[in-house]
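Take a look at the structure set out below.
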Amino acid sequence: MGASLLETASSDGCKVPHSVRARHTYRGMRTAEHYFQVPLDHFSEAGRRGETISVFAREYVSTEHSEAEAAGLPWLLFLQGGPGGRGNRFPSLGGWSKAAAKDFRILMLDQRGTGLSSPVDRNTLPLRGTDAEQADYLTHFRADSIVADAEAIRVALDSAPWTIYGQSYGGFCALSYLSFAPEGLREVLVTGGLAPLGGSADRVYRATFQRVAARNAEYFDWYPEDRAIVTRIARHLRETEEVLPDGGRLTVERFQMVGSFLGGNTRVDALHHLLEDAFVATPGGERLSDAFLEQVRGLVSRAANPLYALMHESIYAQDGATNWAAWRVLEEFPEFRPDAGEPLLTGEMVYPWYFEQDPALHPLQDVARLLAEKDDWAPLYDPERLALNTVPVAAAVYTDDIYVDRELSLETAASVRGLQVWETGDFHHDGIADDGEAIFGRLLGISRSARR
């Protein structure tokens, strides 16, 4: 598969169709809206000559560069976290993007199925036909296809090998890029995104549960009063029906999903602010407040990114079925069970009940089941090619990251020739939101030093 990616620019060796539909200038930057028509299936001759989908990317350039100067800048492709997260929409350049815009034209990709790139949700998927046909369609939405899109886009833009910056799942995609189309890369930067190259999804979630348990302990040490509040909310939800603004019931297990706050330095304290006004007195007794329920809805609903729930476990699947790995591994960690006396908050896990309890996912239950049962996934990485890598790679590994485990990250780093790790305990998974300018500058410096 690796040798074929550069052949996917089109079915006949020409570039994929590309158009720019709008350009704007505001707040110190110029933007251009790029649309590309790419094959749904990059990896077979019939697929390359068959159905196409639309992929969107927005270009950001600092107005400190004239238009002529900007046209000569090298490209930097940003690969967003996820799966299922659309590219960032910048109101202005700041943090890492401000730093990058000094030397690059930034291309912010909406990965296929997200944002303006042939979006996938409960409304669009039925256009594909049966549940089996919908599941088959989604098999084309993993990192290998995202990388093939990116390489076709690079060719369409007449870009030399470019720099890519992968955050979280974007780092997973970067490893696939290094595996299958390294000739398209000048250098690679990764933050919180070194995926395990092999093994089952079970070991990923086993490590994740351990990290999240430790983060719960750390949080409740900072805010000991919140331990009682979390327990009180769980008890209340077992005894009283509470309904979220989208009509879905708030169960204990859905409430535990607010543990997503634990994954970052910039957000963790917001969990305390969420919990502090959870209850209000009503004529019918104590209930959860509307303000609390509205905030929780935004945290537990996958209406905005259904691909996250549908595809999350598949990002760890190679050759075997995941069979709801997180749900199975949960049995080893009873402190996370919703019926535990003092249940812990959860992190980046997906469970089958998501598709029963979330109104945005309910129509996709059988599609999700078919994806969980699929046992013939293609490889996402080429360990032999990574062991011979010649592209400079610099990766930030966050010591206490609850989403991408440190030990698994370092295992991967040791398997990629020339990959240089900067490990730090100063940041969590959201490091680039905390001090993105410094992190980007450090990683770029590391990668450039490898060229000397």
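None of the values given here were measured: they were computed from a predicted structure. Side chains are part of it too, since the values below use all heavy atoms of this structure and drop only hydrogens, waters and symmetry mates.
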Worksheet entry | Option among I446, T191, V397 that satisfies the side chain to side chain contact (heavy atoms under 4.5 Å, CB included) test with W422 | I446
Worksheet item: Side chain of S117, backbone of G113: donor and acceptor closer than 3.5 Å?
Response: no
Worksheet entry | Heavy-atom side-chain contact between D375 and N323 under 4.5 Å | no
Worksheet item: Distance only, no hydrogens: is a donor on one side chain within 3.5 Å (strictly under) of an acceptor on the other, for H362 and E356?
Response: no
Discussion item. So D269 and F261, do their side chains get closer than 4.5 Å, heavy atoms only?
Written reply: no
Discussion item. Using a 3.5 Å distance criterion without hydrogens, assess whether the side chain of N389 forms a donor-acceptor pair with backbone atoms of L419.
Written reply: no
Worksheet item: Do T231 and R227 have a side chain donor and acceptor closer than 3.5 Å?
Response: yes
Discussion item. Just verifying a value: how many Å separate E183 CD and T390 OG1, rounded to the nearest 0.5 Å?
Written reply: 9.5 Å
Item to complete: Mind telling me whether Y316 and H312 have parallel, tilted or perpendicular rings, with 30° and 60° as the class edges?
Response: perpendicular
Worksheet item: Centroid-to-centroid, F355 to Y351, below 6.0 Å?
Response: no
Fill in: salt bridge (Lys or Arg N to Asp or Glu O under 4.0 Å) assessment of E51 paired with R128
CA-CA 12 Å; E51 181 179 358; R128 306 305 306 185; 2.7 Å; yes
Worksheet item: Is K98 positioned over the aromatic face of W96, cation under 6.0 angstrom from the ring centre and no more than 45 degrees off axis?
Response: no
Item to complete: For the pair D144 and V147, evaluate side chain to side chain contact (heavy atoms under 4.5 Å, CB included) and give the outcome as yes or no after the intermediate values.
Response: CA-CA 5 Å; D144 49 357; V147 166; 5.9 Å; no
Discussion item. Tell me whether E187 contacts the main-chain N or O of I164 through its side chain, where contact means a donor paired with an acceptor under 3.5 Å.
Written reply: no
Item to complete: Verify side chain to side chain contact (heavy atoms under 4.5 Å, CB included) between Q167 and L79, making sure each step is shown before the conclusion.
Response: CA-CA 6 Å; Q167 156 65 12; L79 296 169; over 6 Å; no
Worksheet item: Quick one: are V120 and L138 in side-chain contact, heavy atoms under 4.5 Å?
Response: yes
Worksheet entry | H272-Y223 aromatic ring centre distance below 6.0 Å | yes
Discussion item. For a 4.5 angstrom cut-off between non-hydrogen side-chain atoms, does R215 reach V268?
Written reply: yes
Fill in: Basic-acidic side-chain contact under 4.0 Å: R112, D149
yes
Practice prompt. Could you tell me whether Y205 and F209 have their ring centroids closer than 6.0 angstrom?
Written response: no
Worksheet, complete the sentence: Nearest heavy-atom contact between S97 and I106 is O-CD1, 3.5 Å
Discussion item. Between T208 (side chain only) and V204 (backbone N and O only), is there a donor and an acceptor less than 3.5 Å apart?
Written reply: yes
Practice prompt. For the pair I153 and V55, evaluate side chain to side chain contact (heavy atoms under 4.5 Å, CB included) and give the outcome as yes or no after the intermediate values.
Written response: CA-CA 9 Å; I153 288 169; V55 171; 3.9 Å; yes
Worksheet item: Is it true that a side-chain atom of T412 and a backbone atom of L408 form a donor plus acceptor pair closer than 3.5 Å?
Response: yes
Item to complete: Work out which heavy atom in R203 is nearest to a heavy atom in G198; give both atom names and the distance.
Response: NH2-O, 3.0 Å
Worksheet item: With no hydrogens and no angle check, do the side chains of E423 and T399 hold a donor and an acceptor under 3.5 Å apart?
Response: yes
Worksheet entry | Heavy-atom donor-acceptor pair, E253 side chain to R337 backbone, under 3.5 Å | no
Worksheet item: Do you know the tightest heavy-atom contact between A326 and M349?
Response: CB-CB, 3.8 Å
Fill in: Euclidean distance, N265 CG relative to H428 NE2, rounded to 0.5 Å
5.0 Å
Worksheet item: Can you tell me how far OH of Y398 sits from CZ of R406, rounded to the nearest 0.5 angstrom?
Response: 15.0 Å
Worksheet item: When you measure from the side chain of Q37 to the backbone N and O of T52, does any donor-acceptor pair fall under 3.5 Å?
Response: no
Worksheet item: Quick one: are W324 and L330 in side-chain contact, heavy atoms under 4.5 Å?
Response: no
Fill in: Min side-chain heavy-atom separation P161-R154 under 4.5 Å
yes
Worksheet item: Ignoring hydrogens and geometry, is there a side-chain-to-backbone donor-acceptor pair from S179 to L175 under 3.5 Å?
Response: yes
Worksheet item: In Å, rounded to the nearest 0.5 Å, how long is the span from CZ of R448 to CG of D103?
Response: 7.0 Å
Worksheet item: Do the side chain of D401 and the main chain of V404 share a donor and acceptor less than 3.5 angstrom apart?
Response: yes
Worksheet entry | salt bridge (Lys or Arg N to Asp or Glu O under 4.0 Å) assessment of D110 paired with R89 | CA-CA 10 Å; D110 279 358; R89 269 59 174 167; 2.6 Å; yes
Discussion item. Looking at A317, is its backbone amide N or carbonyl O close enough to the side chain of R142 to form a donor-acceptor pair, meaning the two atoms are under 3.5 Å apart?
Written reply: yes
Fill in: Closest non-hydrogen atom pair, R328 against T322
NH2-O, 2.7 Å
Worksheet item: More than 12 non-hydrogen atoms from neighbouring residues, nucleotides or ligands closer than 6.0 Å to CD on E384, yes or no?
Response: no
Practice prompt. Assess the pair F56 and F36: is the distance between their ring centroids shorter than 6.0 Å?
Written response: no
Discussion item. Can you confirm whether D405 sits close enough to R211 that some side-chain heavy atom of one is under 4.5 Å from a side-chain heavy atom of the other?
Written reply: yes
Discussion item. I'd like to know if K15 pairs up with D158 as an ion pair, taking the criterion as any Lys NZ or Arg NE/NH1/NH2 lying under 4.0 Å from an Asp or Glu carboxylate oxygen.
Written reply: yes
Practice prompt. Determine the minimum heavy-atom distance between Y35 and S54, stating which atoms define it.
Written response: CD2-OG, 3.8 Å
Worksheet item: Will you find, in the side chains of T130 and E133, an N or O donor that is under 3.5 Å from an N or O acceptor?
Response: yes
Worksheet item: How close do F90 and Y60 get, heavy atom to heavy atom, and via which atoms?
Response: N-OH, 3.1 Å
Worksheet entry | Flag side-chain contact, heavy atom, 4.5 Å: F292 against L274 | yes
Item to complete: To the nearest 0.5 angstrom, please state how far the CD atom of Q318 sits from the OH atom of Y381.
Response: 6.5 Å
Fill in: Derivation and outcome, side chain to side chain contact (heavy atoms under 4.5 Å, CB included), residues F104 and W75
CA-CA 5 Å; F104 296 98; W75 286 98; over 6 Å; no
Fill in: Distance (rounded to the nearest 0.5 Å) between L76 CG and L107 CG
9.0 Å
